[in-house]
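Please read the structure below before turning to the comments.
Order of the sequence lines fixes the chain letters, A, B, ..., with proteins taken first and strands second; residue numbering starts at 1 for each chain.
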Protein chains: 2
Amino acid sequence: MALEHAILVSLDERPGTGYELARRFDKSIGFFWAATHQQIYRTLKRMDDLGWVTAEEVAQDGRPDKKVYRVSPQGRQELQRWLEEAGEPATIRHDLSVKIRGASLGDPGKVADEVARHRGRHAERLDVYRAIEKKDFPDPSALHGRRLHQYLVLRGGIKAEEALLEWCDEVLVAMREDDRR
Amino acid sequence: MALEHAILVSLDERPGTGYELARRFDKSIGFFWAATHQQIYRTLKRMDDLGWVTAEEVAQDGRPDKKVYRVSPQGRQELQRWLEEAGEPATIRHDLSVKIRGASLGDPGKVADEVARHRGRHAERLDVYRAIEKKDFPDPSALHGRRLHQYLVLRGGIKAEEALLEWCDEVLVAMREDDRR
DNA sequence: GGCTGCTGTGCAACTAGTTGCATACTCCGA
DNA sequence: TCGGAGTATGCAACTAGTTGCACAGCAGCC
């Protein structure tokens, strides 16, 4: 149930509308927790019912009316409860690994092409992360509190993408060589 | 829809019962594609309806009767189609990253404890993978085809766990120091 | 006026994952 | 005989993710 908590974290930093949240989940938060606008609205409704957020109708000029959500004291409480709750790493379901595992049941060369495509995507994403790191965190040793935490999450993304890149390279080399025998 | 394909890969290697598959998904395949027995039976039923597998009732001595599933020619075809289909890396939903991102809204020390717990789990898993690597693949350069593919999937697991360990260490060091100021 | 794009809010249908529950057969040990 | 464990097969209810669809307000442009 971490979407609720991801929403609480985001709203606590900055109150906003469902639409804004969807935008945030398309970008920054979306790097480590993805969510669609349909999901977000559904979840906001449930959170409102639970009293974790408050909703305020706001009329706008030149734009449609909007509903601004804020974290309630109860929501803050729930977030703190969750932060202290012991969790476990999630189980893995990795498409590409299934394809590599079954490559000999099809054309291994085609699977290698797929690995190369994924590698391209991961390389792109790593570039994005590194650009953000450089632009937003030029001096990591000067970071504290929330900014430090932000940086550390980004570091996780970078490390994950680096590992995937290395793996893809290892797979490509091995499969190309195997294909040559 | 990769559970169907993971099941096809597994059954193609070795026909088996729903129960056996559940055992395999608890162990070997489960490292890169997890599935419960409820899910597996539900999915097998659907695959049977689609004609991707055939089911043969087998009476046993000293055990209950069982239903052995095999990949059908259609199933083989579907698997090959899927192997050639272009896919994309899955979107990420990483609990621990949300917790780290929101650590300052609770007790960062408690979140650091959570990171340490996760680190422990990842270290355990890395040990398991390394033991398998050593025992099952003592000479990787001698591997071909299916065995090579198996090894490469394992390598992916190892690299992922290594990256997560390094990241957890980086997070723990940074948060402990931040906590000291 | 109509279309497009941006802002803004949803409902609906379906699938996949999770958890609980259940039944049956067989063997073995207390 | 009964209970527990292992083998074997499911159904059910609920939640979370995915995709499609829809409507509304407003501004700008052809």
Task: Letter per nucleotide, 5' to 3', of nucleotides 24-30 of chain C [B base touched, S only sugar-phosphate touched, - untouched; heavy atoms, 4.0 Å] - done: -BSS---
Open item on the list: Distance check needed: C:dT23 P versus B:Lys66 NZ, whole Å only.
Closed with: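 Checked: the NZ to P distance equals 25 Å.
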- [ ] Identify, residue by residue, the members of residues 31-51 of chain A with a heavy atom below 4.0 Å from DNA chain C, and return them in order of residue number, or none.
- [x]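 Going residue by residue through residues 31-51 of chain A, the ones with a heavy atom under 4.0 Å of DNA chain C turn out to be A:His37, A:Gln38, A:Tyr41.
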Task: Positions of residues 16-25 of chain A (non-hydrogen atom under 4.0 Å from DNA chain C), listed by number - done: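 Listed by number, they are A:Thr17, A:Gly18, A:Tyr19, A:Arg23.
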Task: Side chain proximity check, A:Phe137 to A:Gln150, heavy atoms < 4.5 angstrom - done: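 Answer yes - side chains close enough.
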Open item on the list: Between A:Lys67 and C:dG10, is there a contact of a side-chain N or O with OP1 or OP2 at under 4.0 Å?
Closed with: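 So the side-chain polar atoms of A:Lys67 do come within 4.0 Å of the phosphate oxygens OP1 or OP2 of C:dG10, strictly under.
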Task: Residue-phosphate contact under 4.0 Å: A:Arg93 side-chain N/O, D:dG17 OP1/OP2 - done: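 Answer no for this pair, as no side-chain N or O of A:Arg93 is under 4.0 Å from OP1 or OP2.
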Task: Check against side chain to side chain contact (heavy atoms under 4.5 Å, CB included), A:Ser97 and A:Trp167 - done: CA-CA 11 Å; A:Ser97 293; A:Trp167 178 54; 3.7 Å; yes
May I ask you to check whether [X] and [Y] show a side-chain donor-acceptor distance below 3.5 Å?
| X | Y | answer |
| --- | --- | --- |
| B:Glu78 | B:His5 | yes |
| B:Ser141 | B:Asp139 | yes |
| A:Thr54 | A:Arg70 | no |

- [ ] Please work out which of the three classes, parallel, tilted or perpendicular, describes the rings of B:Tyr41 and B:His37, given edges at 30° and 60°.
- [x]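 Geometry flag for B:Tyr41 against B:His37: perpendicular rings.
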Open item on the list: Exactly one of A:Arg125, A:Arg119, A:Arg130 should register a salt bridge (charged side-chain N to carboxylate O under 4.0 Å, His left out) with A:Glu162. Which one does?
Closed with: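 Testing A:Glu162 for a salt bridge (charged side-chain N to carboxylate O under 4.0 Å, His left out) against A:Arg125, A:Arg119, A:Arg130 leaves exactly one candidate, A:Arg130.
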Open item on the list: Working note: B:Val98 + A:Trp82, criterion side chain to side chain contact (heavy atoms under 4.5 Å, CB included); need CA distance, chi angles, decisive distance, verdict.
Closed with: CA-CA 11 Å; B:Val98 180; A:Trp82 178 70; 3.7 Å; yes
Task: Member of B:Gln77, B:Glu85, B:Glu84 meeting the side chain to side chain donor-acceptor pair (under 3.5 Å) criterion with B:Arg81 - done: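 Considering B:Gln77, B:Glu85, B:Glu84, a side chain to side chain donor-acceptor pair (under 3.5 Å) with B:Arg81 is found only for B:Glu85.
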Task: Interatomic spacing from CG in B:Leu21 to CD1 in B:Ile29 - rounded to 0.5 Å - done: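 So the gap between those two atoms works out to 7.0 Å.
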